[in-house]
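These numbers come from a predicted model, not from an experiment. In the text below, chain A, chain B and the rest are named by the order of the sequence lines, each starting its count at 1.
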Amino acid sequence: MTTTLVPGPPRGAPRSRGARRTAVAWLFLAPFAVVFLLYTAIPTVAALGFSLTDLRGTDLRHPLAVDFTGLTNFVRLFQDTTFLRDILNTALFVAVGVPLTMAIGFVLALVLNSGIRRLRGTFRTVFFAPVVTNVVAVALIWQYAFQADGTVNQALGAVGLAGPNWLDDPNLAMPVVILLGVWRNFGTAMVLFLAGLQAVPEDVYEAASLDGAGRWRQLRHITVPLLLPTTLMVSVLLTVFYLQVFDEPYLLTNGGPLGSTESVALYTYHQFGAGEFGMSSAASFVMLLMVALVSLVQFRMLRPRS
Amino acid sequence: MTTVAALRNADTATDRTARPRRSVARPLLYGALALCALLTLLPFLWVISGSLRSLAEIRSDPGAWLPHHVTLDNFVRLFRTEGFGRFMVNSVVVAVIVVAGNIVAASAAGYALAKLDFAGKRIAFGAVMAAMMVPFTAVFVTQFVITVDLGLADTLTGIALPGVATPMSVFIMRQYAASIPDELLEAARIDGAGEFRIFFRIFLPLAGPALATITIMSFLTSWNNFIWPLIVAQSMSSYTLPVGLAATSQAAAHVTDYGLTLAGALVVMLPVLLLFLFLQRYFVQGVSGTGMR
């Protein structure tokens, strides 16, 4: 390269030092950047591309044979009663699961923060344990506990009630699946609420106490409003998480009976399993949009008015 | 990271709301909490009790609470089951790759994002934050295709690779690096130390707590990961424990061998639960620090 027409900056000049600094920094970032490009950036863009084609699992060896089909997959999706039912199932999971998880988490956090002094750490550890537990292992226990002659029905039998066959009943399977989701996640909500409660300054309560505000009024007028940012974060987090619910329905019922517990994520997985990569990607994009939309709406609704 | 600071305080703080309570309320409160704790722990107690019962006992009385005769037979049979030892080794190998990858990639990236000045920094940090929001279900099809293209389908590397550089680890590391005073690094720079030397000699030795959090979080995620190994592993030789357990239990369901399944469930749960008992502070920090999982 002896005949360079446009000379670069001379060695040692400030610009070159900046370039060197940038090069060093990107060297630090390289391991993360490579994995990020390969497994997040490219897949996200490619998923949109896939959703506009009729790509099937069997086409992977000769991708040129794949046809661009535009929005056909999306049209098919919204004509598919299975998919619409799965959206409703997922919405039900969110509508019941999120408030229930938050309520349990909030009450426990409140009690652990102010009601008791001893054993606080022990209780926190116990309530958080489900969060770290392997879902496959727990789902198996759940399955055995809720079978026709399982522990739950034996307990019901002890008080004279005949228990149903929970996971084979289209009306009862979903509550059991939701219950597993709530059991796994209320610990996360509790820990986040605890952190929020610890950040509320103590003198606010003291001042209110001096003004004659009782415990209930303090809860309503101090704790709840000051916890609004935490509440927002927890509700967005859980909604986004429950919108993608997969493990619980897959492991307990694989979407059955009669599709009553099939979620959108499970639909995506089933389409993938059937080799319909284009349809699967389209469904996953609908989910991506739902996640984005919900986050946006919740942020708008819960934004503190000041 | 205010939540992390708050939680550190939560461990040391005495009762901050030391207002007087009526003496009747407290025992009631403890009673209610104990009941909640029992309900939370029921699945754990049940799996322990069930895994210690003989097959005959489980068959004759599947819903019973306590074993009549304690036996380790289920565990003996479990470890004789074809593949189970293999699943365990696979899970350990994948976890080691994931943890090592996170330590290397996240500490370097976190340090650069917090302490170095360079072109494209804002874009890089934006990408890390955006990556945390992308739902797995939106990308697994294309991730699978890429893994196939790389020739890594049905391999342990293919199972581990997407998890070796998680944005959450980078985020935790960046927040931690930002809390280290610049003067410390400036002094070394003036003494002529290069960036790599500063990173290895000054930053890493100080990063212990953040590295511990990353190690635990990425081990937990890898050990419990189910859907991705389920997609990538196509033969028993590359199953991890959760995938293997799901497969064995489906097979065992035909012969209603619950004892075997429950023993397997306990073996899968145990490492994380033991780790959690000793290091729960770091687990809690990892979850509350980012509000992410």
Between A:F123 and B:Y30, what is the ring plane arrangement, given parallel below 30°, perpendicular above 60°, and tilted in between? tilted
Scanning both residues in full, the closest heavy-atom pair of B:T40 with A:V126 reads CG2-O, 3.7 Å
The interface call for A:I104 against chain B, heavy-atom contacts under 4.5 Å, is neither
Chain A contact via B:D117 - which portion, at a heavy-atom distance below 4.5 Å: both
Between B:V268, B:L245, B:V47, the one whose heavy-atom pairs under 4.5 Å with chain A are most numerous: B:L245
Just checking B:I123: does its CD1 atom have more than 12 heavy atoms from other residues, nucleotides or ligands closer to it than 6.0 angstrom? no
When you compare the side chain of A:Q143 with that of B:T261, does any pair of heavy atoms fall below 4.5 Å? no
side-chain contact (heavy atoms from CB on, under 4.5 Å) evaluation trace for A:N134 with B:V272: CA-CA 8 Å; A:N134 189 284; B:V272 170; over 6 Å; no
Can you say whether A:F285 sits under 4.5 Å from chain B via the side chain, the backbone, both, or neither, judging by heavy atoms? neither
What residue, out of B:A131, B:C36, B:P167, B:P135, has the most heavy-atom pairs lying under 4.5 Å from chain A? B:P135
For B:L266, is it the side chain, the backbone, both or neither that has a heavy atom under 4.5 Å from a heavy atom of chain A? neither
Turns out that what part of B:F196 lies under 4.5 Å from chain A's heavy atoms comes down to both
Looking at A:L243, A:V132, A:D247, which makes the most heavy-atom pairs under 4.5 Å with chain B? A:V132
Please state whether the rings of B:W228 and A:Y39 are parallel, tilted or perpendicular, taking 30° and 60° as the class boundaries. perpendicular
What part of B:A127 lies closer than 4.5 angstrom to a heavy atom of chain A: side chain, backbone, both or neither? both
Okay, A:V111 and chain B: the region with an atom under 4.5 Å from a heavy atom over there is side chain
Under a 4.5 Å cutoff for heavy-atom pairs, which residue among A:V34, A:V45, A:L112, A:V35 has the most contacts with chain B? A:V35
Chain A heavy atoms under 4.5 Å from B:L33: which part of the residue, side chain, backbone, both or neither? both
Close side-chain approach of A:F32 and B:M173, heavy atoms under 4.5 Å: no
Against chain B, label A:L140 side chain, backbone, both or neither, depending on which of its atoms sit under 4.5 Å from a heavy atom there. side chain
Between A:Y250 and B:L230, is a side-chain contact (heavy atoms from CB on, under 4.5 Å) present by the stated rule, with each step listed? CA-CA 11 Å; A:Y250 175 81; B:L230 180 72; 3.7 Å; yes
Of all heavy-atom pairs linking A:A25 and B:A112, the shortest is O-CB, 3.9 Å
With a 4.5 angstrom heavy-atom cut-off, which part of B:L39 approaches chain A: side chain, backbone, both or neither? backbone
Less than 6.0 angstrom separating the ring centers of B:F136 and A:F246, yes or no? no
Rounding to 0.5 Å, atoms CD1 (A:I42) and CD1 (B:I146) come to a distance of 5.5 Å
Chain A: which of B:P242, B:A106, B:G101, B:A105 shares the most heavy-atom pairs with it under 4.5 Å? B:P242
Looking only at heavy atoms, which two atoms of A:L29 and B:A124 are closest? And how far apart? CD1-CB, 4.1 Å
Return the OG to CZ distance between A:S280 and B:F140, rounded to the nearest 0.5 Å. 4.5 Å
Decide yes or no for B:I231 and A:Y269: does some side-chain heavy atom of the first lie under 4.5 Å from some side-chain heavy atom of the second? yes
Between A:T133 and B:N224, does a side-chain contact (heavy atoms from CB on, under 4.5 Å) hold up when you go through it step by step? CA-CA 8 Å; A:T133 311; B:N224 285 347; 6.0 Å; no
Tightest non-hydrogen contact, residues A:L251 and B:A246, listed as CD2-CB, 4.4 Å
Correct closest heavy-atom pair for B:A165 and A:P31 would be CB-O, 4.5 Å
Hey, is the main chain of B:A119 close enough, under 3.5 Å, to the side chain of A:W26 for a donor-acceptor pair? yes
Taking the six-membered ring where the residue is Trp, are the ring centres of B:W46 and A:F146 under 6.0 Å apart? no
Below 4.5 Å from any heavy atom of chain B, which atoms of A:L48 appear? Answer side chain, backbone, both or neither. neither
Donor-acceptor under 3.5 Å (B:T137 side chain, A:Q244 main chain): no
Of all of A:T230, A:T125, A:V240, A:T268, which one pairs up most often with chain B through heavy atoms under 4.5 Å apart? A:T125
Structural part of A:L38 lying under 4.5 Å from a heavy atom of chain B: both
B:T166, part contacting chain A, at a heavy-atom distance under 4.5 Å: backbone
Between A:F36 and B:V170, is a side-chain contact (heavy atoms from CB on, under 4.5 Å) present by the stated rule, with each step listed? CA-CA 11 Å; A:F36 168 79; B:V170 175; over 6 Å; no
